[in-house]
Amino acid sequence: MTTQKTLALTAVFAISGLTTTHAEDFEANDSIFDNVTLKNVSIVGTKVNKHNLTPSSVSTVGSYQIQTNQIGNIEDLSSQLPNIFIPEYGSRQTTPIIMRGIYSKVKGTAVGYYVDGMPHFELSAFNTDMLDVKAIEVFRGPQGTLYGRNTIGGVINVYNYTPFDYQGTKVRLRYGNYNTVKAQASHYALLNEQLGLNLSGYYEHSDGYFKNITLGKKADKLNAGGGRVALHYKPTEKWMMRLSSSLDYLNQGGYAYSVYKPEIDSLGDISYNRPSGYKRLISGTGFTANYTSDKWSLNSQTSFQYIRDDQEVDQDFTAKDTYFVTNGIRHNVISEEVTLKSEHENKFQWVVGTFLFSQWGTQNQGTDYLTKGYEQRSLYDTSLRGAALFAQGSYNLVGGLSATIGLRLDHEYNSMDYARTQLNHEDNTKQPVGEPFVESLKFTELIPRFGLQYAFGNRNMVFGNITKGYKGGGFNATIPTDEDRTYDSEYNWNYEIGTKLASEDGSFSAEATLFYIDWKNQHVNQTVPGLGNVVSNAGHSNSKGVELSINYRPTTALTIQANYGYTYAKFLDYKKSETVDYSGNIVPMVPRNTFAVNVNYCIREVGALDAITISAGVNGVGKLYWIEDNAVCQHMYVLPNARIEMKKGVFCLAFWGKNLSNTKYHSYYFVSSAKYAQKGTPITVGTELTINF
């Protein structure tokens, strides 16, 4: 523990965050793509002006960092950037992203997630394979003015390569202990000067880490696969269009929970008697059209996503037959966003836009009360529609001083058609449970933003922001009582000040930010035994902290990156019932500290090899409390990682390891019919071969 505390205190740096980055900056030291000459292709999003005067707390992770830091999916970002924690537990149906202490476990997300501008509204669609990602852009703090609903914690933008960035074929084969296999292949081609095509696909398998002793097999076996095809059309220098389609399938075992006795810190064996798991199919299609002139640009993003979820859970998590839950969800989303923004270098920069979406689906949730001889099944038809108008302007007041004002008008209409029935096993009769209902909710919100930025030198600035975040209310999928039928909207105000500094030659950059978030009507989740999760509202919470970061490249061969984030989030007013008051308690699942230190050293022309790259780092998380009563916590833990890769021509061979100290920690804890926990991922090692031609 002494070593971990020392690491936590010394790791007060982070990956540099720049609001404007170009593709060639990411590829300067990429051992896979460094033999390719890239064009100056900007990955700046459609909501950031070319001459950026808007202050933001943002970090960008390039493809070199993605590769050397072994980021293969969204969970691998956890603690890599300040105050970001993504726990890995249960199944990929739920991937909560905790950012600055703000998060949502179920019913929508608190952090927006976009892939090439295509929004992902559901947590179940977050954790998919990252195929040939060019860059990941993370905005910390509420982003409601430009991104709207469900971004009260921040926004993650993922950018993929295009045939105009890179042409060639890449094959990657990966193997590790626990019989972990991953194969990826991609092809990028220019069919002519105006038309490009890319194809990519992957397959992933793992035998699983944790054994269910009752069933005699691994609880968390995984098989997944998918692919993407995209056409890129550039008829003129001013026009760019993209039509893309992706498919992702997952068949995952679960859940690796076992009875936990916190008073003696004893975690039992995984021992439930009914096979449990999660199957998911995601299909997404998007069309983007962008026109850019010397003074302005117009972007249209149309997308459709279909998600099919099927879940089976032995929800007593014991060898006894008590509860067994099945949950089938069919989910559809179609959205359209149009943005118009300035591209000139004038003192006034602006962006305006509109966003429309329609989300509909069905859910069939059943609980078999095995000891009672009956099953209850709930059927839901849900519909959610929304529209928004937004505008933001930044004006250079004098010298390096700029001011930003933005406003969004957001409206949602939410409806549910609900019925619950009971099937008696003995006589196979069916009867209604409670009264069915058809109900609707409406939410309208104004979401402003205010900011100041002072730039000095070529790459230095100080900034301040006041931003609002908003997440609409809705209907619960689990309804123990009529009072639990709905929950209200939540919203927060974020106040932050920060600075970004960089050397003239670009070898050093740093960022520091202080923030305070005032959080009203926070959505909190409660697990009801045999039923599921119920969302309610806490009265008033806050979150405050600091983010420090640095990126240092003393030589062309050596890169040092590190980060540190501190968050203190607590309930100011949360009376759960007449007898239970959590006011003053720490908000659960929010680590007090997150940090990472990564060192990469590349040696060129070593014997017969073109290059050897050695990467080593540590990630740290903790302390965090698991539930609202703060009775059980996870103390700080540190996970060391390493990777060494050797490159020769089109071949790159790597050896890697994660959690090399085999640190023991819990990735999740909850209370239902008993107290349960899941172990964290143990030491994993393996090898990887990449062929790029």
Side-chain angles (χ1 to χ4, degrees), residues 45 47 54-58 82-85 96-114 119-121 123 126 137-157 353 355 357 386 388-392 404-412 443-451 463-474 487-498 513-525 535 537-545 547 565 567 569-572 587 589-590:
K47 298 174 185 178
T54 305
S56 295
S57 182
V58 55
N83 287 326
I84 295 178
F85 176 57
I97 301 174
I98 296 98
M99 195 175 296
R100 287 187 173 177
I102 311 299
Y103 69 98
S104 174
K105 288 175 63 178
V106 294
K107 300 300 291 182
T109 173
V111 175
Y113 184 63
Y114 291 76
H120 290 53
F121 288 134
L123 288 171
F126 278 24
E137 183 182 54
V138 180
F139 290 88
R140 297 184 299 277
Q143 304 296 321
T145 303
L146 291 183
Y147 289 91
R149 63 189 301 270
N150 298 357
T151 60
I152 63 172
V155 167
I156 298 175
N157 288 315
F355 179 69
F357 77 94
L389 295 171
F390 58 89
Q392 181 171 287
T404 296
I405 298 177
L407 185 65
R408 185 186 188 98
L409 175 63
D410 202 285
H411 178 76
E412 292 184 13
F443 304 98
T444 301
E445 194 75 19
L446 285 172
I447 310 173
R449 172 179 184 166
F450 310 94
F463 64 90
N465 277 310
I466 302 174
T467 55
K468 184 178 181 180
Y470 161 73
K471 182 180 179 183
Y487 52 92
D488 295 329
S489 301
E490 64 176 336
Y491 59 92
N492 59 19
W493 283 92
N494 175 78
Y495 307 88
E496 66 181 13
I497 57 173
T513 307
L514 295 171
F515 67 88
Y516 176 86
I517 299 176
D518 190 51
W519 196 1
K520 298 288 183 66
N521 288 345
Q522 175 189 349
H523 291 172
V524 294
N525 177 75
V535 178
N537 295 92
H540 189 193
S541 309
N542 70 7
S543 179
K544 51 194 173 185
E547 295 159 353
T567 302
K570 70 176 182 178
F571 297 115
L572 300 178
V587 175
M589 294 186 68
V590 178

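Just so you know, these numbers come straight off a predicted model, no measurement behind them.
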Are [X] and [Y] packed together at the side-chain level, in the sense that at least one heavy-atom pair is separated by less than 4.5 angstrom?
X    : Y    : value
N537 : K520 : no
I97  : T109 : no
L514 : E496 : no
I447 : F390 : no
P448 : L407 : yes
S543 : T567 : yes

Is a donor on one side and an acceptor on the other found under 3.5 Å between the side chain of [X] and the backbone of [Y]?
X    : Y    : answer
N492 : W519 : no
Q143 : G141 : yes
T151 : P142 : no
N465 : P55  : yes
N525 : K105 : no
R449 : T467 : no

Check your understanding: Who passes salt bridge (charged side-chain N to carboxylate O under 4.0 Å, His left out) against E547, sequence neighbours left out?
Key -> R100, R140

**Study point:** salt bridge (charged side-chain N to carboxylate O under 4.0 Å, His left out) involving K468 - partner list, sequence neighbours excluded
**Key:**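 Once residues adjacent in sequence are excluded, the partners of K468 under the salt bridge (charged side-chain N to carboxylate O under 4.0 Å, His left out) criterion are E445.
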
Check your understanding: Between F139 and Y147, what is the ring plane arrangement, given parallel below 30°, perpendicular above 60°, and tilted in between?
Key -> tilted

Exercise for review: Cation-pi check, R149 to F355: give yes when NZ or CZ is under 6.0 Å from the six-membered ring centre and within 45° of the ring axis, no otherwise.
Suggested key: no

Study note, to complete from the structure: Residue set satisfying ring-ring contact (aromatic ring centres under 6.0 Å, His included) with F126, at least two apart, ordered chain then number -> Y113

Practice item. Could you pull out all residues at least two apart from F443 that satisfy ring-ring contact (aromatic ring centres under 6.0 Å, His included)? Key: none

Check your understanding: What residue among H523, Q522, K471 forms side chain to side chain donor-acceptor pair (under 3.5 Å) with S104?
Key -> K471

Exercise for review: Kindly write out the residues that satisfy side-chain contact (heavy atoms from CB on, under 4.5 Å) with K544, not counting sequence neighbours, or none if the list is empty.
Suggested key: Y516, Y568

Practice item. Could you tell me which residues satisfy side-chain contact (heavy atoms from CB on, under 4.5 Å) with I405, sequence neighbours excluded, listed by chain and number? Key: F450

Exercise for review: Provide the closest heavy-atom pair for V590 versus A569 in the form atom of the first, atom of the second, distance.
Suggested key: CG1-CB, 4.3 Å

Exercise for review: Heavy atoms only: give me the nearest F571-S541 pair and the separation to one decimal.
Suggested key: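 What the structure gives for the nearest pair is CD2-OG, 3.3 Å.
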
**Study point:** F121 atom CZ, over 12 foreign heavy atoms within 6.0 Å
**Key:**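 Enclosed: over 12 neighbouring heavy atoms sit under 6.0 Å from CZ of F121.
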
